[in-house]
Amino acid sequence: MAVTDHVDLNGFMEGVKKRNPHQPEFVQAVQEVAEDIFEFMEDKEEYHSQQILRRIAEPDRVVSFRVCWEDDAGNIRVQRGWRVQNNNAIGPYKGGIRFHPSVTESVLKFLAFEQTFKNALTGLPMGGGKGGSNFNPKGKSVREIMRFCQSFMTELYRHIGADIDVPAGDIGVGGREIGFMFGQYKRITNNFTGVLTGKGLEWGGSLIRTEATGYGAVYFLANMLATKDEDLVGKTAVISGSGNVATHAAEKIVQLGGKVLTLSDSGGFIHDPDGITQEKINWVKEHKTHRRGRIEEYVEAFPSATFHAGKTPWGVPCDVALPCATQNELLGEDAKTLVANGCRAVSEGANMPTDLDGVHTFKHAKILYAPGKASNAGGVAVSGLEMSQNSERRSWKEDELQQMLKDIMSGIHDSCIRYGDQGGGYIDYVKGANIAGFKKVADAMLAFGVV
Ligand code: GLU
């Protein structure tokens with residue numbers, strides 16, 4: 001037997017920690033997957049001997065680069081940019097770009113790792129990647145953002161391509177930034193190709209891409225509730241975040257008859273006991289995206305609400321919860337509070353919003369709990385459909401795409417049941433998602449031999 005064979009979970013995680021010092025988010029993401037995969041692999045010698053998990057948890061490459069740009073006052077600013085290409089066993093690397101001061105190599109490695117499983121779950125041929133920068137778009141002028149995006153792409157362009165690596169948006173990167181980056185890519189390469197997704201409809205974008213992550217998270221939630229013969233009608237929902245994912249999740253909850261009580265941003269959360277209606281959601285979209293305002297201003301527009309500075313919304317009693325802001329925004333204590341208050345289902349719109357303690361709490365309580373890699377896959381799924389449309393050089397109709405999104409979310413739900421059904425009416429969606437995502441990538445890697 002080779003010396004590296006059959007290390008146990010703890011031995012494996014010790015190695016991951018040693019090889020990735022000061023990268024807590026990456027270690028956390030690997031741990032969450034490894035807990036389930038070690039159990040699954042117990043009687044599968046080939047995965048062990050071929051070191052499949054060890055290989056998936058080592059990015060194919062991490063490109064790190066300097067991004068210089070000039071601010072409006074003429075100062076030269078220097079940021080760091082990255083692209084993490086985690087795994088392309090089942091398709092070109094695919095995953096968003098994040099611009100936020102909290103971005104580090106650890107954060108992007110965790111996101112690229114998660115993306116690998118998420119993309120596999122969609123059933124579409126996409127590998128896993130992620131990129132970004134510690135650039136803070138907050139308070140920057142549109143011209144500054146444009147210059148930053150152009151400078152970022154001036155390096156990134158050589159590492160990506162429609163059949164190589166296809167970035168998209170994430171926190172701090174929406175349609176406008178994708179436009180600036182696509183413009184620069186086209187200018188440098190003279191190539192009009194589907195190298196980015198989340199594009200504008202006039203230049204190769206797909207209908208419903210904007211709505212897809214939030215809508216998909218609610219479709220997944222509805223699928224989970226249906227296993228208990230329940231739906232969203234009359235249910236109260238607590239949502240964190242107020243960006244693209246949160247507002248579209250809220251919109252779909254309202255469309256399906258639920259009542260949304262909260263939204264948040266980094267300053268705190270608003271609680272509207274009357275419910276955040278479609279009209280109010282439209283106000284939030286306009287306020288956050290176009291006016292780039294703070295969520296606390298909601299209470300001036302809608303006095304039925306209260307603002308809770310510096311707090312997260314998990315203490316508000318609810319039937320369902322959707323963390324749609326960012327990683328580690330829902331901690332073990334919050335999970336306990338949600339469960340104690342009678343929350344029956346959690347569908348993650350963000351990536352890894354629940355810390356490990358929280359994950360264990362939800363699993364232990366056996367509530368309906370969907371990890372982001374399953375429930376927020378709708379966004380990247382429609383990105384995959386955007387890639388197909390670009391390859392075909394045509395655009396599909398909205399109702400076709402809506403149906404495809406619903407089908408993909410149901411397919412992911414089915415995969416979670418296949419590998420996560422624990423009997424007695426309990427489905428461990430974390431385990432189901434981890435195993436289904438892993439198996440697809442792992443089997444492709446086995447076919448390629450040791451590469
Ligand atoms: N950033 C999104 C995610 O976390 C979308 C990625 C994409 O569309 O490539 O899945």
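The residues of the chain are indexed from 1 along the displayed sequence. When reading the values below, keep in mind they use all heavy atoms of this one structure, side chains included, and skip hydrogens, waters and symmetry mates. Every number for a ligand or one of its atoms is a count from 1 in the order of the listing.
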Engineer: For the rings on Tyr47 and Phe438, is their centre-to-centre separation under 6.0 Å?
Structural biologist: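 Between Phe438 and Tyr47, which both carry aromatic rings, the centre distance is below 6.0 Å.
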Engineer: Can you confirm if the aromatic rings of Tyr369 and Phe362 lie within a centre distance of less than 6.0 Å?
Structural biologist: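 Ring centres of Tyr369 and Phe362 closer than 6.0 Å.
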Engineer: Taking only residues two or more places apart in sequence, or in another chain, which ones meet Arg394 in a side chain to side chain donor-acceptor pair (under 3.5 Å)?
Structural biologist: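 Scan of Arg394 (side chain to side chain donor-acceptor pair (under 3.5 Å), adjacent residues dropped) gives Glu392.
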Engineer: Side chain of His248, backbone of Asn244: donor and acceptor closer than 3.5 Å?
Structural biologist: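 Yes, the answer is positive, given that a donor and an acceptor are paired below the 3.5 Å cut-off.
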Engineer: Find out whether Met445 and Asn87 are in side-chain contact, i.e. whether some heavy atom of one side chain is under 4.5 Å from a heavy atom of the other.
Structural biologist: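 Answer yes - side chains close enough.
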Engineer: What short N/O contacts, under 3.5 Å, does ligand 1 make with the protein, listed by atom pair and distance?
Structural biologist:
| residue | atom | partner | partner atom | Å |
| --- | --- | --- | --- | --- |
| ligand 1 | 1 (N) | Lys130 | NZ | 3.4 |
| ligand 1 | 1 (N) | Gly169 | O | 2.9 |
| ligand 1 | 1 (N) | Asp170 | OD1 | 2.8 |
| ligand 1 | 4 (O) | Lys118 | NZ | 3.1 |
| ligand 1 | 4 (O) | Lys130 | NZ | 3.0 |
| ligand 1 | 4 (O) | Asn351 | ND2 | 3.1 |
| ligand 1 | 8 (O) | Arg209 | NH2 | 3.0 |
| ligand 1 | 8 (O) | Ser383 | OG | 2.5 |
| ligand 1 | 9 (O) | Lys94 | NZ | 2.7 |
| ligand 1 | 10 (O) | Gln115 | NE2 | 3.1 |
| ligand 1 | 10 (O) | Lys118 | NZ | 2.8 |

Engineer: Kindly give the heavy-atom pair with the smallest separation between Pro313 and Ser240, and that separation in Å.
Structural biologist: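 For Pro313 and Ser240, the tightest heavy-atom pair comes out as CG-CB, 4.1 Å.
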